[in-house]
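Encoded as structure tokens, here's the structure I'll be asking about.
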Amino acid sequence: MLETECQDQVLWDLFLSGDDTAYSSIYKLYVQPLYSYGVQFTFDSGLVEDSIHDLFVKLYQNRKNLHTTDNIKLYLFAALKNQLFDIFKKNVSFSQIDTIEPVFVVDYTIEDEIIKDEQERLLIDKVIYMLEVLTPRQKEVIYYRYQERLSYDEICKIMGMNYQSIQNLLQRSFKKLRTTFSHLQLLSVSALGLIYYLHFLFLCE
Amino acid sequence: MYKDYAGYTTEKLLEDDFFIESIQHPIPETELYWKKQIESGSLDSKEYRLAVHFLHIVKVKVKVLPEDSQSRLWEEINNTNNKLKHSKIRKFRIWGISAACITILIGLSIPFFLSDQTTDISIIASALKPDYSGNTVQLVLPNNRQILINEENSVIQHSSEGIITVNSKKIANEKVEVSKLVETDLEKEFNQLIVPYGKRSTLNLSDGSKLWLNAGSRIVYPIKFASDKREIFVDGEAYLEVFHDANRPFIVKTNQMDIKVLGTSFNVTAYKNDKLSSVVLVSGSVQIKVNDKQNTRLEPNKMFLFSEGVVQIKEVNVSDYTLWKEGLYSFDNESLTTILERLVRYYGKKIHYTPDIGTLKCSGKLDMQDNLEVVLDGLNISKQSLTLYNRIITEIYSFYKIYFHYR
């Protein structure tokens, strides 16, 4: 892990010093992860692309004043999140009464599940229910922890919350997991394996 | 080698990196390991299964940005960076308006890709995203100094010497204000006047031209006009009396139209959020270009309408469209929805009405110096006289109500 930190630092410092190749490398490395992350906040793909555009222009124009970092991914993710929130705030027209904030609107793979029989139907319904009762914040923490595999420290930074609050969000999600599936007979491990194999198929489209 | 997972609950498993890795990226060794843990009885099978279940449930569909889109996006980023390098727009000016930071970038990126002929004023205008939510008229000077005006009606005067007065009170001296700026090219420095809902403003420019701005409008104009043209940007509704200057055509740019005049009086309606834009010519002549295509010459007492790609020219009674600056609203066979929406803008208050009555057509004149209640009362009367002519709605009419509440 120390190696990637070193690499990040070097690449980032190169970029800050005005190296255009470093700038372009950073883009190539992170445009896809940034996009995949950005679309968790909004269904508007164009908006995410615009945000990435604005982010990279801002980085370039401001590079003399930016802080150094040894974790480019986290830096960019946090910057993109701020960018999206700012755009949402600005786009609220004066005639709207409610404020609109981007919320985590994840598409889970389970939605592509093909229902084979009643038992599976029951299982899937429970899953969908559980996902629905998770709050956007909980979904966001889960995303960082299990999809992006960020450390607790990184999650605290990007969500602007302390360790205890992050833990609370996770524990509450686990509780929802337990209550949703408390009465359901979970299928045997091998049967589970079959269903989830199908998930992998959908993932690689 | 590996940890002992005896007695682990679902929650503890889900906090364990090795467990998460094993399930997300299974290899034969780890699969065997977990199988042994369960078979030996030290790890509860139900707890394990529930944890595995959770990991699979929260798996997210990965959305990919295709290669060609990535390249295109990169090109756009480079273009913007290059334009920013070469353009005369000072960097400090862009980052100085911190609240509008992001939107300025958006404003800059889009025009660059649409047309290279977009002049600086449209870029500046789309970059300066106004805040209409306040209750005050705002005059924003180039150095970012904001002058707030509380009065419902205001007159802003720019003298030829550069003195700015608001309602006859001297507010600023442009020469003093701009001396604080680094950029000394006054033609590239812009003021912005923002008129929110419920307010109106009159602007007297240094060349002698007069503008009346209706509610919910804004205008961006340079401190000093160029030597070959006088260019401003309008979003909303304005009535202009342009001072005749054969050497410097006056150009009004809106979201979609460019209106060129020499010296003349006309009304322009171009609210950014409305589909319909229009120009009504009182006297003189104007030339209108829409989205850089097709020049149309407009004659007095004619109205130029542009909506969703379609251009229409029709003869109108110009006072219907220009009396608003006197505080009068005159309409002929206008739908009630249009009338009420105009009142909403003018008074800055919300009006609720059942959608069915929106299509009713009304004719008449309203004096908007009155309170909104009086005006709406007047509408009720004029509508009732309408029902005499419209037998279909006479009976149902009594059930329709207009009520309003204050924001």
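The figures here come from the full heavy-atom set of this structure, side chains too, leaving out hydrogens, waters and symmetry mates. Letters go in sequence order (proteins before strands), and every chain restarts at 1.
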More than 12 non-hydrogen atoms from neighbouring residues, nucleotides or ligands closer than 6.0 Å to CZ on A/Arg137, yes or no?
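No, not enclosed.
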Could you state the interatomic distance from NZ (A/Lys126) to NE2 (B/His53), rounded to the nearest 0.5 Å?
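So the NZ of A/Lys126 and the NE2 of B/His53 are separated by 10.0 Å.
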CD1 of B/Ile57 to OG1 of A/Thr180, rounded to nearest 0.5 Å, is 8.0 Å
Find out whether B/His56 and A/Val127 are in side-chain contact, i.e. whether some heavy atom of one side chain is under 4.5 Å from a heavy atom of the other.
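Sidechains of A/Val127 and B/His56: no contact.
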For A/Gln40 and B/Val60, the nearest pair of non-hydrogen atoms, with its separation, is NE2-CG1, 3.5 Å
Contacts of type side-chain contact (heavy atoms from CB on, under 4.5 Å), residue A/Lys175, not counting sequence neighbours
none
Can a donor-acceptor pair be found, under 3.5 Å and without considering hydrogens, that links the side chain of A/Gln147 to the backbone of B/Lys59?
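It does not hold such a pair.
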Heavy-atom count around A/Tyr129 OH within 6.0 Å, excluding the residue itself: above 12?
no
Residues of residues 66-74 of chain B with any heavy atom under 4.5 Å of a heavy atom in chain A:
B/Gln70, B/Arg72, B/Leu73, B/Trp74
May I ask you to decide whether B/Glu15 forms a salt bridge with A/Arg145, counting only side-chain N to carboxylate O separations under 4.0 Å?
no
Is it the backbone or the side chain of A/Glu148 that comes under 4.5 Å from a heavy atom of chain B, or both, or neither?
neither
Distance-only donor-acceptor check, side chains B/Asn78 and A/Tyr27, under 3.5 Å:
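Distance-only check fails for B/Asn78 and A/Tyr27.
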Could you tell me whether a side-chain N or O of A/Ser36 sits under 3.5 Å from a main-chain N or O of B/Lys63, the two making a donor and an acceptor?
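At least one qualifying donor-acceptor pair exists.
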Kindly compute the distance separating CG (B/Asp17) from OG (A/Ser151), expressed to the nearest 0.5 Å.
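B/Asp17 atom CG to A/Ser151 atom OG measures 9.5 Å (nearest 0.5 Å).
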Atom group of A/Ser45 that falls short of 4.5 Å from chain B, counting heavy atoms:
neither
Does the side chain of B/Leu14 come within less than 4.5 Å of A/Tyr146's, by heavy atoms?
yes
Once you round to the nearest 0.5 Å, how far does CG of A/Leu177 lie from OG1 of B/Thr10?
6.5 Å
Could you check if a side-chain atom of A/Phe174 sits within less than 4.5 angstrom of a side-chain atom of B/Leu50, using non-hydrogen atoms only?
no
In terms of heavy-atom proximity below 4.5 Å to chain A, should B/Glu31 be classed as side chain, backbone, both, or neither?
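Nothing of B/Glu31, per the 4.5 Å heavy-atom cut-off to chain A.
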For the student: nearest non-hydrogen atoms of A/His53 and B/Glu76, plus distance:
NE2-O, 3.5 Å
Side chain from CB out, backbone as N, CA, C, O: work out which of these in A/Tyr152 comes under 4.5 Å of a heavy atom of chain B, or both, or neither.
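Only the side chain of A/Tyr152 comes within 4.5 Å of chain B.
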Measuring from atom OG1 of B/Thr80 to atom CD of A/Gln61, what distance do you get when rounded to the nearest 0.5 angstrom?
9.0 Å
Find the distance between CD1 (B/Ile77) and CD (A/Glu49) and round it off to the nearest 0.5 Å.
10.0 Å
